[in-house]
A.B. asks: 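The following block contains the structure, expressed as structure tokens.
We use all heavy atoms of the structure for the numbers below, so side chains are in, but hydrogens, waters and symmetry mates are not.
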Amino acid sequence: MLSLRNDLFNQATESVARTLLGCYLCRETEAGLVSGIIVETEAYLSINDPACHASRGKTRRNAAMFGSPGNAYVYFVYGKYYCFNVVTRPEGIGEAVLIRAVEPVEGIDIMKKRRGISSGITELASGPGKLCQAFAIDKSFDGHNLQEKPLYLADSGEPDDRIRVTATLRIGITSAQDKMLRFMVDGNKFVSRR
DNA sequence: GTTAAGATCTGCT
DNA sequence: GCAGATCTTAACG
């Protein structure tokens, strides 16, 4: 496992969203290591994108989006769930990649316990709220540097030639629904939805 | 101080 | 396939 290069995140958000597919998300908990492969992402832009939280300027909630690239932006939605993003572009821009689904690799029993289910491995992290629950990600990671433990991104070091990326419309938003900014691993059954 | 809406998930039909 | 749960955030008065 290799730590992802710092300059990887300081780029166009759509590029980062594609690059993150196939990378590992790792979380060290008291119960042990939890990890998985990122299989679905969405890009949120600062310009001409009303669906992005940063589109109406910096607020207390979205401040982390304007922080250093490679940091986490975590927010609370619908009274129950957290959503996990990776900040992109230079500091001060306000763009990020939402991690929508992860294919579980290590710590599957821990994920099941945290999710409160005993079967259905595809249900463990196939959605932004689900994966935050499985990986124990909450507001305390808002602004966290994702190259540092206990929550970090990594690469297997192996070339991922077999991954094919499909771009589609974004999901679950009520504005800017016409943008092809959702990216997923073609044919992967751990995505949130087809 | 008050209010409306939300980058979702689950359970039931 | 669809409606309800649930509560923080931000906009407005």
A.B. asks: Without placing hydrogens or testing angles, list every side-chain donor-acceptor pair under 3.5 Å for residues 126-133 of chain A, not counting sequence neighbours.
C.D. replies:
{"from": "Ser126(A)", "atom 1": "OG", "to": "Thr122(A)", "atom 2": "O", "distance (Å)": "2.8"}
{"from": "Ser126(A)", "atom 1": "OG", "to": "Lys130(A)", "atom 2": "NZ", "distance (Å)": "3.3"}
{"from": "Lys130(A)", "atom 1": "NZ", "to": "Glu123(A)", "atom 2": "OE1", "distance (Å)": "3.1"}
{"from": "Gln133(A)", "atom 1": "OE1", "to": "Arg115(A)", "atom 2": "NH1", "distance (Å)": "2.8"}

A.B. asks: What is the nucleic acid contact for Arg193(A), judged by heavy atoms within less than 4.0 Å: base, sugar-phosphate only, or nothing?
C.D. replies: nothing

A.B. asks: Taking CD in Glu148(A) as the centre, count heavy atoms belonging to other residues, nucleotides or ligands within less than 6.0 Å. Is the count above 12?
C.D. replies: yes

A.B. asks: Using a heavy-atom cut-off of under 4.0 Å over every strand shown, decide if Arg100(A) touches base, sugar-phosphate, or nothing.
C.D. replies: sugar-phosphate

A.B. asks: Need two values: the first and the last nucleotide of DNA chain B, 5' to 3', having an atom under 4.0 Å from any heavy-atom of chain A.
C.D. replies: dG6(B) to dT10(B)

A.B. asks: Output yes when a side-chain donor or acceptor of Asp142(A) lies under 3.5 Å from a complementary backbone atom of Val74(A), and no otherwise.
C.D. replies: yes

A.B. asks: Could you tell me whether a side-chain N or O of Thr29(A) sits under 3.5 Å from a main-chain N or O of Gly32(A), the two making a donor and an acceptor?
C.D. replies: yes

A.B. asks: For residues 180-190 of chain A, which residues have at least one heavy atom under 4.0 Å from DNA chain B?
C.D. replies: none

A.B. asks: Roughly how far, to the nearest 0.5 Å, is CZ of Phe183(A) from OG1 of Thr168(A)?
C.D. replies: 8.5 Å

A.B. asks: Could you grab the distance from atom CG of Leu98(A) to atom SG of Cys83(A), nearest 0.5 Å is fine?
C.D. replies: 5.5 Å

A.B. asks: Can you pull out every side-chain hydrogen bond (donor to acceptor under 3.5 Å, both in side chains) where at least one residue sits in residues 77-86 of chain A? Sequence neighbours excluded, please.
C.D. replies: none

A.B. asks: Which heavy atom in Met180(A) sits nearest to a heavy atom in Leu169(A), and how many Å separate them?
C.D. replies: SD-CD2, 3.8 Å

A.B. asks: Can you find a side-chain donor-acceptor pair between Glu95(A) and Thr88(A) that sits under 3.5 Å?
C.D. replies: no

A.B. asks: For a quick check of understanding: with a heavy-atom distance under 4.0 Å over all strands, which category does Thr174(A) fall into, base, sugar-phosphate or nothing?
C.D. replies: sugar-phosphate

A.B. asks: Closer than 3.5 angstrom, by distance alone: can the side chain of Arg27(A) be matched with the main-chain N or O of Phe135(A) as a donor-acceptor pair?
C.D. replies: yes

A.B. asks: Which donor-acceptor pairs under 3.5 Å do the side chains of residues 101-108 of chain A make with protein atoms, sequence neighbours left out?
C.D. replies:
{"from": "Glu103(A)", "atom 1": "OE1", "to": "Asn188(A)", "atom 2": "ND2", "distance (Å)": "2.9"}
{"from": "Glu106(A)", "atom 1": "OE2", "to": "Ser35(A)", "atom 2": "OG", "distance (Å)": "2.9"}

A.B. asks: Could you check which residues of residues 73-99 of chain A get a heavy atom under 4.0 Å from DNA chain C? Sort them by number, please.
C.D. replies: Phe76(A), Tyr78(A), Gly79(A), Lys80(A)

A.B. asks: When you list every nucleotide of DNA chain C with an atom under 4.0 Å from a heavy atom of chain A, which one comes first 5' to 3', and which comes last?
C.D. replies: dT6(C) to dA10(C)

A.B. asks: Can you list every stem that DNA chain C is part of, counting only runs of 3 or more consecutive Watson-Crick or G-U wobble pairs with both distances under 3.5 Å?
C.D. replies: B:1-6 with C:7-12, B:8-12 with C:1-5

A.B. asks: What are the two closest non-hydrogen atoms of Ala17(A) and Ala43(A), and how far apart are they?
C.D. replies: CB-CB, 4.4 Å

A.B. asks: Counting only heavy atoms not in Lys139(A), do more than 12 fall under 6.0 Å of its NZ?
C.D. replies: yes

A.B. asks: Through direct or indirect side-chain contacts below 4.5 angstrom among Ile, Leu, Val, Met, Phe, Trp and Tyr, which residues connect to Ile171(A)?
C.D. replies: none

A.B. asks: For Arg170(A), enumerate each residue passing the side-chain contact (heavy atoms from CB on, under 4.5 Å) test, keeping only those at least two apart in sequence or located in another chain.
C.D. replies: Glu42(A), Tyr44(A), Asp49(A), Ala51(A), Ile173(A), Ala176(A), Lys179(A), Leu181(A), Arg182(A)

A.B. asks: Can any side-chain N or O of Glu28(A) pair as donor or acceptor with the backbone N or O of Leu151(A) at less than 3.5 Å?
C.D. replies: no

A.B. asks: In residues 44-53 of chain A, which ones come under 4.0 Å of DNA chain B, going by heavy atoms?
C.D. replies: Tyr44(A), Ala51(A), His53(A)

A.B. asks: Give a yes or no answer on whether the side chain of Asn10(A) reaches the backbone of Asp7(A) with a donor-acceptor pair at less than 3.5 Å.
C.D. replies: no

A.B. asks: Could you work out, with ring pair (Phe, Tyr, Trp, His ring centres under 6.0 Å) as the rule, every residue matching Phe141(A), not counting sequence neighbours?
C.D. replies: His144(A)

